[in-house]
Amino acid sequence: MKIAVVTSRFNEDITERLLEGALNVLETAEVEIFSVKVPGAVEIPLTIKVMFEQGCDAAVALGAVIRGETSHYDLVCNSVERGVTQVMLETGKSIGFGVITTEDEEQALERVGGKHGHKGEEAALVALEMVGLINSLKKMNRKK
C-alpha cells in the first residue's frame, strides 16, 4: 500500500510534530510512504490529487492554520476542507484530515501530543482504516 503524506510548511514548528506522529503510525503499518512538503495548507488538496494520480492509495493531510488578525484564517480553513473533500469524492480514495485549526499556538500544541491527543497520529490511523473499509466495500460489491 502506498500512502501520501502532504505537510504544510507554514507554522512549521507545529506541522513538523504532526508529521512525526503520522510517520510513526505509518511506519508501524509497514506501508510505502511518499512524504512531501508544500508551502501552505491551501496547496494540500492539489498535491494529494497529483499523488493519487501517481498511484498512492490513500493520503494524510497535515497542516496548522492559526487565527490571525484578518479573515484570511476563515478563507484558508474553508478552502482546505473543501479541497480535501472534493479530492476524496472525485477519486474515491481516503484522506486522513490532520489540518488543525486553532485560535492560537497554545491550542495547536495541545493537539500535537498535548491534552487533546495527537492529530497527526489520528489522521494517519483514519487514512489506514478507511483504505481497509473502502477495499472491503468494493469486494462486497464484486460478490453480487
Return the [atom1] to [atom2] distance between [X] and [Y], rounded to the nearest 0.5 Å.
X    : Y    : atom1 : atom2 : answer
M130 : N135 : CE    : CG    : 10.5 Å
L109 : K115 : CG    : NZ    : 12.0 Å
L26  : I3   : CG    : CD1   : 6.0 Å
Q54  : K49  : CD    : NZ    : 12.5 Å

[atom1] of [X]: more than 12 outside heavy atoms within 6.0 angstrom?
X    : atom1 : result
F34  : CZ    : yes
H116 : NE2   : yes
K93  : NZ    : yes
E30  : CD    : no

Heavy atoms, side chains only, cut-off 4.5 Å: are [X] and [Y] in contact?
X    : Y    : result
T15  : L62  : no
I95  : I44  : no
E110 : T102 : no
I14  : R111 : no
F97  : T85  : no
I33  : L23  : yes
V31  : L128 : yes
D74  : R67  : yes

Closest non-hydrogen atoms of S8 and A41, given as atom of the first, atom of the second and distance, are OG-N, 3.4 Å
If you take all heavy atoms of A58 and F52, which pair is closest and at what distance?
-> C-CE2, 3.5 Å
Salt bridge between E16 and K37, side-chain N to carboxylate O under 4.0 Å?
-> yes
Does a side-chain N-to-carboxylate-O contact under 4.0 Å join E20 and R17?
-> no
Carefully, step by step, assess E105 and D13 under the rule side chain to side chain contact (heavy atoms under 4.5 Å, CB included).
-> CA-CA 10 Å; E105 189 171 348; D13 53 328; 2.6 Å; yes
In terms of hydrophobic clustering (I, L, V, M, F, W, Y; side-chain heavy atoms under 4.5 Å; direct or indirect links), are [X] and [Y] co-clustered?
X    : Y    : value
L125 : V131 : yes
V99  : V6   : yes
V126 : L18  : no
V36  : I48  : yes
V25  : L19  : yes

Between [X] (side chain only) and [Y] (backbone N and O only), is there a donor and an acceptor less than 3.5 Å apart?
X   : Y    : value
E90 : V87  : no
S79 : V42  : no
S94 : A127 : yes
K2  : M51  : no

Test salt bridge (charged side-chain N to carboxylate O under 4.0 Å, His left out) on E122 and K119 and set out the steps.
-> CA-CA 5 Å; E122 291 173 20; K119 300 309 177 188; 3.2 Å; yes
